[in-house]
**Q** 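I'd like to ask you about the structure that follows.
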Protein chains: 2
Amino acid sequence: MRERAIPEATVARLPLYLRSLVDMTERGMQTISSEGLAEAAGVNSAKVRKDLSYLGSYGTRGVGYDVEYLIYQISRELGLTQDWNCVIVGVGNLGRALANYRGFGERGFRVSALVDIDETKIGKPVDSMVVEDFADLERIVKEREISIGIVATTAAAAQDAADRLVSAGVKSILNFAPTVLQVPDDVSLRKVDLSIELQILSFYEQRKSALETVRRGKRLTASASKSTRP
Amino acid sequence: MRERAIPEATVARLPLYLRSLVDMTERGMQTISSEGLAEAAGVNSAKVRKDLSYLGSYGTRGVGYDVEYLIYQISRELGLTQDWNCVIVGVGNLGRALANYRGFGERGFRVSALVDIDETKIGKPVDSMVVEDFADLERIVKEREISIGIVATTAAAAQDAADRLVSAGVKSILNFAPTVLQVPDDVSLRKVDLSIELQILSFYEQRKSALETVRRGKRLTASASKSTRP
DNA sequence: GGCCGTTTGTGATTGCGCTCACAAGCGCCT
DNA sequence: AGGCGCTTGTGAGCGCAATCACAAACGGCC
C-alpha cells in the first residue's frame, strides 16, 4: 500500500479528519483511536483506518494515533504546509461574504485579490481590500502568484471568468455560480451549488411526506395496491 | 425498472439536468437528445439516459426528450411543484448573503424567517425581512410551516441550532457551519463546506507541482529514484 | 519475561454506480 | 408500405469504494 494513489473519496475526507484532530489538540488530547476519530468526523472506524493507511503507518497498535503527528502528516499530504493565494472573481452578495469569511485564512488560504467587471464596484473597499478590475486579472494572477480562482459571478458571466482564469495560468477553480463550467483536463474544478443542495433535500423531504401518506392510507383501507400503474 | 428506488447519485444530478433544460426552453428548444443534455450538464449521455429512465420512459426514440415535459417530470420528482419554507439560523456574513441570494426563490424555496441569538441583530432588517429571536424558533417553525433549516452559524453554535431545529420538527437541514452535525436517522442532512473544498483543490494542486518537479528532476538527472523512503 | 486487552493495518467480500454496447422503437423519406 | 438513420432504454460487465473480519503488534501488568 505504498504506491502513490490516494482514492478521491479519501482525499475528500482528509480535511474532515484534520478539523476533528485540530479540535482535539485544543482540548488537550495527545492520542486518538480510529474509533474516536471516526465518531468526531461522523464516519465509521474502518474507513478512518483505511483512509489513514494510504498516508502511511502512522498509528500505534493498542494505542491509537498521535494527534499532533497525524495533523502534520495530513496537512503535508493536503499541501497545507504552504500558503495558497486565491482570487475571488465577482464581488456580489456571495463574493463579499466569501471575502469576509474567516474560515479560509485559518487554513492557509489567503484571499489576495477581489476582481469585478462592474465599474461602480472597482476601487471600493471590501474587507480591508480594494476591488480591482477584472480586465487586469492576468497581471494580478502573475504578480501575486495566485493559484486558486474562486468564481462567484452570475451564471451568465461564470464561463468567461473561468476562461480568463485558465488563460492566466490558474489550475484550480472553485465555482459558486449556478452553471456547468468547461475547463481543460489539467485544471481542477470543484463546485458548490446552494440551490442544488436544497433541491436534493426537497426530494427526500417529499418522499418522506409521500411515505407518510401511504402509511396513513394503509391504516384506513387495510390493503395496499402493489403498483401505481395498471 | 418500475420500482421506486432512485439512486442517490441520480437524485444529485436531476437538479443539474433541470437547470440545463430550463435554459433550453428559454432558448426556444422543443426537444433535446440525451447527447445534447449530457453536454449541457457536463456528464455523458449514457448516464443521462439511465438517470432519466428511473423516472419513467419519457423519451421518444429517434427524436429525444420533450423539454417542457421533462422539466415537469423532474420538478415533480424533486418535489418542486410545491413551495418550501426555509429558516436561516445565524445571520452573520454567510447568513446575510444567503438571505440576499436570489437563486433560492426562483426554484420554490422561500426564506420565511431569519433567526439569530445575538440581541444586537434581533429586530434589525435584512433583505426585506426582520431578524427574529432564536429562542422563538419552535413557534416560528410551526406557525409558518417551515420544513427546511439552513444552519449558517459558527461551528460552536451549529449543533445547538440543529438540535433546536430537529425538536421543532424540521426534517431537512442544510449545514454551512464547518463542523460535523449529529441528527436522528429520519432527518436529512447535507453540508456545504467552503474550506474543505479549497483543501481538496490544494491536494491536487500540490500533486501537480510535485509531478512537475519530478519531471524537471528527470530531465536534469536522467534517473529517478523509485521510493521516497529507504 | 510472558500474558492479556486493545487497536491498527489490510486481505477479502460486498455493493453501488458508471460505462459499454446493442436491440427495440420512432419518424421521415421515397 | 418499406427501408433507413437516429435515439432511447437497458442488460451485462467493470471498477471503485465501503464494509467486514482478523492476524499482527503494541503497552502495561503481574
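Just the heavy atoms: all of them, side chains too, but no hydrogens, waters or symmetry mates, feed the values below. Convention: sequence-line order gives letters A, B, ...; per-chain numbering from 1.
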**Q** Taking L78(A)'s backbone N and O only, do any of them form a donor-acceptor pair with S202(B)'s side chain (distance below 3.5 Å, no angle check)?
**A**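 Checking the backbone N and O of L78(A) against the side chain of S202(B), a donor-acceptor pair under 3.5 Å is found.
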
**Q** Figure out the CZ/P separation between R49(B) and dC6(D), and round it to whole Å.
**A**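 My rounded result for the distance is 15 Å.
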
**Q** Return the value, rounded to whole Å, for the distance between atom CD of E8(A) and atom C1' of dA18(D).
**A**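 Spelled out: CD on E8(A) to C1' on dA18(D) is 16 Å.
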
**Q** Does dA18(D) have its OP1 or OP2 closer than 4.0 Å to a side-chain nitrogen or oxygen of N44(A)?
**A**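 Looking at the OP1 and OP2 atoms of dA18(D), neither is under 4.0 Å from any side-chain N or O of N44(A).
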
**Q** Where the side chain of A9(B) is concerned, which of dC20(C), dG17(C), dA21(D) is the nearest nucleotide?
**A** dG17(C)

**Q** Would a 4.5 Å heavy-atom cut-off, applied to side chains only, mark V43(A) and Y17(A) as touching?
**A** yes

**Q** Atom CD of E35(A) to atom C1' of dC20(D): distance rounded to whole Å?
**A** 14 Å

**Q** Applying side-chain hydrogen bond (donor to acceptor under 3.5 Å, both in side chains), run through D66(A) and T31(A) and close with a yes or a no.
**A** CA-CA 4 Å; D66(A) 183 277; T31(A) 61; over 6 Å; no

**Q** To the side chain of S57(A), which of dT10(D), dG9(C), dT8(D) is closest?
**A**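 Of all the options, the side chain of S57(A) is nearest to dG9(C).
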
**Q** Calculate the interatomic distance between D51(B) atom CG and dT7(D) atom P; express it in whole Å.
**A** 19 Å

**Q** Roughly how many Å is it from CG in D66(A) to P in dG27(D), rounded to a whole number?
**A**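 Going from CG in D66(A) over to P in dG27(D) covers 13 Å.
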
**Q** Is the phosphate of dG17(C) approached by Y54(B) (side-chain N or O, under 4.0 Å from OP1 or OP2)?
**A**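 No.
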
**Q** Name the residue closer to the 5' end of DNA chain D, choosing between P7(A) and V63(A) according to the nucleotide with the nearest heavy atom.
**A** P7(A)

**Q** Mind calculating the distance between CG (L52(B)) and P (dG9(D)) to the nearest angstrom?
**A** 8 Å

**Q** Within the modelled atom types, does a donor on one side and an acceptor on the other bring the side chain of R61(A) and the base of dT7(C) under 3.5 Å apart?
**A**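 No such pair is found, so the answer is no.
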
**Q** Please tell me if K47(A) has a side-chain N or O lying less than 4.0 Å from either OP1 or OP2 of dT19(D).
**A** yes

**Q** Is the Y65(B) to Y58(B) ring centre distance short of 6.0 Å?
**A**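 Ring-ring flag for Y65(B)/Y58(B): false, centres at least 6.0 Å apart.
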
**Q** Under 4.0 Å between a side-chain N or O of S34(B) and OP1 or OP2 of dT7(D)?
**A** no

**Q** Nearest whole Å is fine: how far is dT10(C) P from L55(A) CG?
**A** 12 Å

**Q** OP1 or OP2 of dC18(C) versus the side-chain N and O atoms of R13(B): is any pair under 4.0 Å?
**A**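 R13(B) to dC18(C) OP1/OP2: side-chain N or O found under 4.0 Å.
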
**Q** Please confirm whether the shortest side-chain N or O distance from K50(B) to OP1 or OP2 of dT19(C) is below 4.0 Å.
**A**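 It does not, given that no N or O in the side chain of K50(B) lies less than 4.0 Å from OP1 or OP2 of dT19(C).
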
**Q** Under the side chain to side chain donor-acceptor pair (under 3.5 Å) test against S188(A), which residue among E205(B), R207(B), K208(B) passes?
**A** K208(B)

**Q** Return no unless some side-chain N or O of Y65(A) is found under 4.0 Å from OP1 or OP2 of dG9(C).
**A**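 Answer is yes, contact under 4.0 Å.
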
**Q** Atom CD1 of I6(B) and atom P of dG17(C): how far apart are they, to the nearest Å?
**A**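 Spelled out: CD1 on I6(B) to P on dG17(C) is 12 Å.
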
